[in-house]
*Asks:* 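Below is one structure. I have some questions about it.
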Number of protein chains: 2
Amino acid sequence: MKIGELARRCGLTAHTLRYYERIGLLPYADRDAGQQRDYDASILVWIEFLHRLKTTGMPIRDMLRYAKLRGTGDATNGERRLLLETHRVAVAARIASLQDSLSVLDAKIAGYGEAEQGLSTHAPVIETESGRPLRARTARAR
Amino acid sequence: MKIGELARRCGLTAHTLRYYERIGLLPYADRDAGQQRDYDASILVWIEFLHRLKTTGMPIRDMLRYAKLRGTGDATNGERRLLLETHRVAVAARIASLQDSLSVLDAKIAGYGEAEQGLSTHAPVIETESGRPLRARTARAR
DNA sequence: GCTTGACTTGGAGCGCACTCGAAGGGGTAG
DNA sequence: CTACCCCTTCGAGTGCGCTCCAAGTCAAGC
């Protein structure tokens, strides 16, 4: 399979596939007689998994760590598992946080709903959230 | 309240607060005699809400739309509500997708667990996911 | 009066993850 | 032989969301 077809089948551009190879996310592809990449269909499974990691918020540098472990054989299974478990925890936390936000959003939307029905005066909708302090800024290195 | 204290209290840097004002996410702050920003504590509620929108994945340009509507009074309540409802749908979808990924991750981790216990041969862990086609690339404008 | 520290502005720089363009080569159809 | 299309590499450009710097102002404390 040439890069164009792979691109069509995985939903990435040929440019992106080459970029992934360049940075090491994809293994160096075999070249045919004319120096063109010739892919095995099995690469699709790996690309799909990468996509999964990406959409769950894993930065490329972490995917790279996983990709490199994967490239060095079964001896690294333990480490790879650890990496995934860590990521799993992060994803679960993200879900919890989003669910929390969803109820805040719902409350706010309900506020607008009431305002429309005149159940409140023309006073602006109250911008209220649980009073938790928000700490976005973590330790500043450097 | 001066910008430094606000920064401490909301967890953003003074740099970021000025940047937000510059692009219109925060209303233009009153200046004191010495041209320094003097904030009212009520701004914290708005900043906290912005933070909520941000962590739920809303891009700045959309927050900007909301901020501008907010700045033009109650007449825009309906539009603001619509914006939030649209966002709510996106957040719910994101949660569903993450939960889906979570189970993929769990399956994969379980695979590594089995491998460690020797329940499978030394064959590599199977990188399998539901066979859904993955379509990351949307219509390419331009 | 002088130092210190927090503030001001405008603009440059950064990290991420692509995204694209230029210039050229390969192989097949007509 | 000539189109034509897909491929190659290298390197520059893009959009986002900050992040930081330089040069200067101002108020308070010693």
Side-chain angles (χ1 to χ4, degrees), chain A residues 1-26 28-40 43 47 49-67 90 134-142, chain B residues 1-40 43 47 50-67 90 134-142:
Chain A
M1 191 187 345
K2 292 208 270 183
I3 200 169
E5 193 191 340
L6 180 59
R8 244 167 283 120
R9 286 173 60 173
C10 76
L12 299 171
T13 65
H15 278 304
T16 301
L17 289 170
R18 285 191 212 100
Y19 164 71
Y20 279 1
E21 180 183 300
R22 204 159 69 224
I23 65 172
L25 264 193
L26 294 181
Y28 185 84
D30 293 340
R31 305 301 205 262
D32 67 12
Q35 291 308 101
Q36 301 192 352
R37 289 172 184 79
D38 185 15
Y39 292 99
D40 186 289
I43 196 71
I47 291 173
F49 186 64
L50 283 178
H51 178 73
R52 185 69 71 167
L53 293 180
K54 192 176 69 134
T55 59
T56 48
M58 185 184 280
I60 281 197
R61 83 186 87 85
D62 291 359
M63 291 192 241
L64 226 42
R65 284 219 304 131
Y66 189 89
L134 78 151
R135 305 251 88 233
R137 189 163 146 221
T138 43
R140 321 232 311 103
R142 218 178 150 196
Chain B
M1 189 186 349
K2 292 209 269 181
I3 200 168
E5 193 190 339
L6 179 59
R8 245 167 283 121
R9 285 172 62 172
C10 76
L12 301 171
T13 66
H15 279 306
T16 302
L17 289 170
R18 284 191 212 101
Y19 164 70
Y20 278 4
E21 180 182 300
R22 205 157 70 224
I23 64 173
L25 264 194
L26 293 181
Y28 185 82
D30 293 339
R31 306 302 206 260
D32 67 12
Q35 292 307 101
Q36 299 193 353
R37 290 171 183 79
D38 185 15
Y39 292 98
D40 187 290
I43 196 72
I47 292 172
L50 283 179
H51 178 74
R52 185 69 70 168
L53 293 180
K54 191 177 70 137
T55 60
T56 48
M58 184 183 282
I60 281 196
R61 84 187 85 87
D62 291 0
M63 292 192 241
L64 226 44
R65 284 220 305 133
Y66 189 90
L134 78 151
R135 304 249 90 232
R137 188 160 147 225
T138 43
R140 321 233 312 101
R142 218 179 148 193

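Letters A, B, ... mirror the listed sequences (proteins, then strands); counts begin at 1.
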*Asks:* With respect to the phosphate group of dG17(D), does any side-chain polar atom (N or O) of K54(B) fall under 4.0 Å of OP1 or OP2?
*Replies:*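 No, no such contact exists.
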*Asks:* Report yes if a side-chain nitrogen or oxygen of Y20(B) is closer than 4.0 Å to either non-bridging phosphate oxygen (OP1 or OP2) of dG17(D); otherwise report no.
*Replies:*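 It does not, given that no N or O in the side chain of Y20(B) lies less than 4.0 Å from OP1 or OP2 of dG17(D).
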*Asks:* Is the shortest heavy-atom distance from the side chain of I47(B) to the side chain of Y20(B) under 4.5 Å?
*Replies:*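 Not in contact.
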*Asks:* Within this structure, what is the CG-to-C1' distance between L12(B) and dT19(D), rounded to whole angstrom?
*Replies:*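 From L12(B) CG to dT19(D) C1': 13 Å.
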*Asks:* What does R18(B) touch in the nucleic acid at a heavy-atom separation under 4.0 angstrom: a base, only the sugar-phosphate, or nothing?
*Replies:*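 Answer is base: heavy atoms of R18(B) come under 4.0 Å of a base.
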*Asks:* Which ones in residues 55-64 of chain A lie close to DNA chain C, meaning a heavy atom under 4.0 Å from one of its atoms?
*Replies:*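 Hits under 4.0 Å, by residue number: P59(A), I60(A), R61(A).
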*Asks:* Grab the CG-C1' distance between D32(A) and dG26(C) for me, whole Å please.
*Replies:*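 Rounded to the whole Å, the gap is 9 Å.
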*Asks:* Quick one: closest heavy-atom pair of D38(A) and M1(A), and the distance?
*Replies:*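 For D38(A) and M1(A), the tightest heavy-atom pair comes out as OD1-N, 3.0 Å.
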*Asks:* Just to confirm, is there a sub-4.0 Å distance from OP1 or OP2 of dT25(D) to any side-chain nitrogen or oxygen of R31(B)?
*Replies:*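 No, no such contact exists.
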*Asks:* What is the separation between atom CG on L17(A) and atom C1' on dT19(C), rounded to the nearest whole Å?
*Replies:*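 Value for this atom pair: 13 Å.
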*Asks:* Starting at CD1 of I3(B) and ending at P of dA27(D), how long is that distance when rounded to a whole Å?
*Replies:*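 About 17 Å, once rounded to whole Å.
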*Asks:* Looking at R37(A), does any N or O in its side chain come under 4.0 Å of the phosphate oxygens OP1/OP2 on dC7(D)?
*Replies:*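 For dC7(D), OP1/OP2 do not have a side-chain N/O of R37(A) under 4.0 Å.
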*Asks:* Are any non-hydrogen side-chain atoms of L50(A) and K54(A) less than 4.5 angstrom apart?
*Replies:*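 A side-chain contact under 4.5 Å is absent here.
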*Asks:* For A7(B) versus A14(B), what's the shortest heavy-atom pair and its separation?
*Replies:*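 Scanning both residues completely, I find the closest heavy atoms to be CB-N, 3.8 Å.
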*Asks:* I'd like a table of donor-acceptor pairs (distance under 3.5 Å, sequence neighbours excluded) in which one partner is a side-chain atom from residues 22-33 of chain B, with atom names and distances.
*Replies:*
from, atom 1, to, atom 2, distance (Å)
R31(B), NH1, E21(B), OE2, 3.3
R31(B), NH1, A29(B), O, 2.7
R31(B), NH2, E21(B), OE2, 3.1
D32(B), OD1, G34(B), N, 2.9
D32(B), OD1, Q35(B), N, 3.3
D32(B), OD1, Q36(B), N, 2.9

*Asks:* Indicate, with a heavy-atom threshold strictly under 4.0 Å, whether I23(A) touches base, sugar-phosphate, or nothing.
*Replies:*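 Counting heavy atoms under 4.0 Å across all strands, no contact is made by I23(A).
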*Asks:* Between C1' on dG21(C) and NE2 on H15(A), what's the gap in Å once rounded to a whole number?
*Replies:*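 About 8 Å, once rounded to whole Å.
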*Asks:* Specify the separation, in whole Å, of atom CD of E21(A) and atom C1' of dA17(C).
*Replies:*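 Those two atoms, CD and C1', are 17 Å apart.
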*Asks:* Looking at every heavy atom in both I60(A) and Y19(A), which two are closest together, and how far apart are they?
*Replies:*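 What the structure gives for the nearest pair is CD1-OH, 4.1 Å.
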*Asks:* Between Y19(A) and G4(B), just flag the one whose closest nucleotide in DNA chain C comes earlier from the 5' side.
*Replies:*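 Here G4(B) is the residue nearer the 5' end.
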*Asks:* Rounded to whole angstrom units, what separation is found between the CD atom of E5(B) and the C1' atom of dA6(C)?
*Replies:*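 In whole Å, dA6(C) C1' lies 13 Å from E5(B) CD.
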*Asks:* Minimum heavy-atom separation for R52(A) to T56(A), with atom names?
*Replies:*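 Taking R52(A) first and T56(A) second, the nearest heavy atoms are O-OG1, 2.8 Å.
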*Asks:* Quick check: on DNA chain C, is the nucleotide nearest G34(A) upstream (toward 5') of the one nearest Q36(B), or the reverse? Name the residue that is more 5'.
*Replies:*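 Upstream on the strand: Q36(B).
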*Asks:* Rounded to the nearest angstrom, tell me the gap between atom CG in L50(A) and atom C1' in dC18(C).
*Replies:*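 Taking atom C1' of dC18(C) as the reference, CG of L50(A) is at 15 Å.
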